[in-house]
Amino acid sequence: MVLKEHIEAVGPRPYTLPWEKVDGDPHAVKLLFRWTDDKHIRARNYDELVWKPALFHAGVIREPTKDARGRKQYVTRRENGMHGLRHYYASITLTDGVNIKELAEYLGHGDPGFTLRIYTHMLPSSHERARKAVDSRLARLFSSRSHGAVTEQAAVRSRSTVWEPDGGLSGEGPEISL
């Protein structure tokens, strides 16, 4: 409800940022959230002023020390910093079926191959899903031509049924049985 109210009150507004590096080409985006100065939210400021204090209050990290100028200094590890939150986002979206190309777009990666190299270990692995995919495809191919067999595993092929190189089945020709 709070997000909906924010969208109705403020809405996404255009903002131009340098793309991928400080001196990169300007790139216009629509930002839904802005910092207190009405500019984009700077990751470092957000990390120091919002994220790390929240981690401290949640008991995840210890109380900050103060530097020589009196500024709070939080000690965090990479896995509980803002970058860890980005990886968490990637992992839950992949687990729930978002594909690599979509995730690359959401994360701002220009190359889905880069995203795949970074997050391949987070992709759900299922030998059973792969087996079912092949079984399903072959079942459609064999069901009408294999004496009523409904799956590749159940197909009992007659010696006269052969596989043709062009992908068809034939009752004649060289015997290459399945």
Side-chain angles (χ1 to χ4, degrees), residues 1-62 64 71-141 151-152 163 165-167:
M1 191 64 164
V2 173
L3 181 58
K4 185 177 179 179
E5 290 172 4
H6 177 77
I7 292 169
E8 289 172 1
V10 181
R13 293 178 299 182
Y15 192 75
T16 302
L17 300 165
W19 189 246
E20 293 188 354
K21 53 188 175 188
V22 175
D23 61 345
D25 293 332
H27 182 75
V29 296
K30 289 184 178 179
L31 296 180
L32 182 56
F33 300 104
R34 293 179 180 233
W35 200 244
T36 55
D37 60 3
D38 203 39
K39 293 184 178 177
H40 66 282
I41 296 174
R42 293 163 192 85
R44 183 168 297 200
N45 289 351
Y46 186 85
D47 195 40
E48 291 297 321
L49 299 173
V50 177
W51 185 250
K52 289 178 181 177
L55 291 176
F56 164 67
H57 288 291
V60 175
I61 60 174
R62 65 182 183 181
R71 296 177 298 188
K72 292 180 181 178
Q73 289 190 318
Y74 294 91
V75 177
T76 59
R77 295 182 311 273
R78 185 167 173 85
E79 64 265 16
N80 57 25
M82 288 297 297
H83 200 73
L85 191 58
R86 181 177 172 90
H87 286 293
Y88 175 70
Y89 169 81
S91 70
I92 62 172
T93 56
L94 287 171
T95 299
D96 285 350
V98 171
N99 69 48
I100 287 290
K101 185 177 177 189
E102 292 168 327
L103 181 61
E105 181 182 333
Y106 303 153
L107 295 175
H109 296 166
D111 175 19
F114 173 79
T115 309
L116 181 60
R117 286 189 297 279
I118 299 298
Y119 295 107
T120 195
H121 67 285
M122 293 182 176
L123 290 171
S125 175
S126 170
H127 299 294
E128 180 65 16
R129 241 187 7 226
R131 187 198 61 76
K132 283 182 179 179
V134 171
D135 201 35
S136 172
R137 182 60 57 108
L138 293 176
R140 283 182 274 160
L141 175 67
T151 67
E152 169 259 343
W163 179 259
D166 67 353

So CG of Leu3 and CD of Glu8: to nearest 0.5 Å the spacing works out to 10.0 Å
Between His6 and Leu32, is there a donor-acceptor pair closer than 3.5 Å when you use the side chain of the first and the backbone of the second?
yes
When rounded to the nearest 0.5 angstrom, what distance separates CH2 in Trp35 from NE2 in His40?
11.0 Å
Of all heavy-atom pairs linking Pro26 and Thr16, the shortest is CB-CG2, 3.7 Å
Does atom CZ of Arg13 have more than 12 heavy-atom neighbours from other groups under 6.0 Å away?
yes
Could you check whether atom CG of Asp25 has more than 12 heavy atoms from other residues, nucleotides or ligands sitting under 6.0 Å from it?
no
Can you list the steps and then say if Arg117 with Asp111 is a side chain to side chain contact (heavy atoms under 4.5 Å, CB included)?
CA-CA 10 Å; Arg117 286 189 297 279; Asp111 175 19; 3.9 Å; yes
Quick one: closest heavy-atom pair of Lys30 and Pro12, and the distance?
CB-CB, 4.0 Å
Taking Tyr88's backbone N and O only, do any of them form a donor-acceptor pair with Ser91's side chain (distance below 3.5 Å, no angle check)?
yes
What residues, two or more places apart in sequence or in another chain, satisfy side chain to side chain contact (heavy atoms under 4.5 Å, CB included) together with His87?
His83, Ile118, Tyr119, Met122
pair Val98-Tyr106: side-chain heavy atoms closer than 4.5 Å:
yes
Step-by-step side chain to side chain contact (heavy atoms under 4.5 Å, CB included) determination, Arg42 to Asp37
CA-CA 11 Å; Arg42 293 163 192 85; Asp37 60 3; 3.3 Å; yes
When rounded to the nearest 0.5 angstrom, what distance separates OG1 in Thr76 from CH2 in Trp51?
11.0 Å
Close side-chain approach of Leu55 and Tyr74, heavy atoms under 4.5 Å
no
Side chain to side chain contact (heavy atoms under 4.5 Å, CB included) between Leu107 and Tyr89, intermediate numbers included
CA-CA 9 Å; Leu107 295 175; Tyr89 169 81; 3.9 Å; yes
If I take atom CD1 from residue Ile61 and atom CZ from residue Arg77, how far apart are they, to the nearest 0.5 angstrom?
9.5 Å
Check Tyr46 against Ile41 and note the closest heavy-atom contact, atom names and distance.
CB-CG2, 3.8 Å
Nearest atoms (heavy-atom pairs only) where Pro112 meets Ala104
CA-CB, 3.7 Å
Tell me if the CZ atom of Arg34 is crowded by more than 12 foreign heavy atoms within 6.0 Å.
yes
Would Phe33 and Val10 count as a side chain to side chain contact (heavy atoms under 4.5 Å, CB included) here? Give the steps.
CA-CA 9 Å; Phe33 300 104; Val10 181; over 6 Å; no
Identify the heavy atoms of Pro18 and Gly24 that sit nearest to each other, and give their distance.
CB-O, 3.6 Å
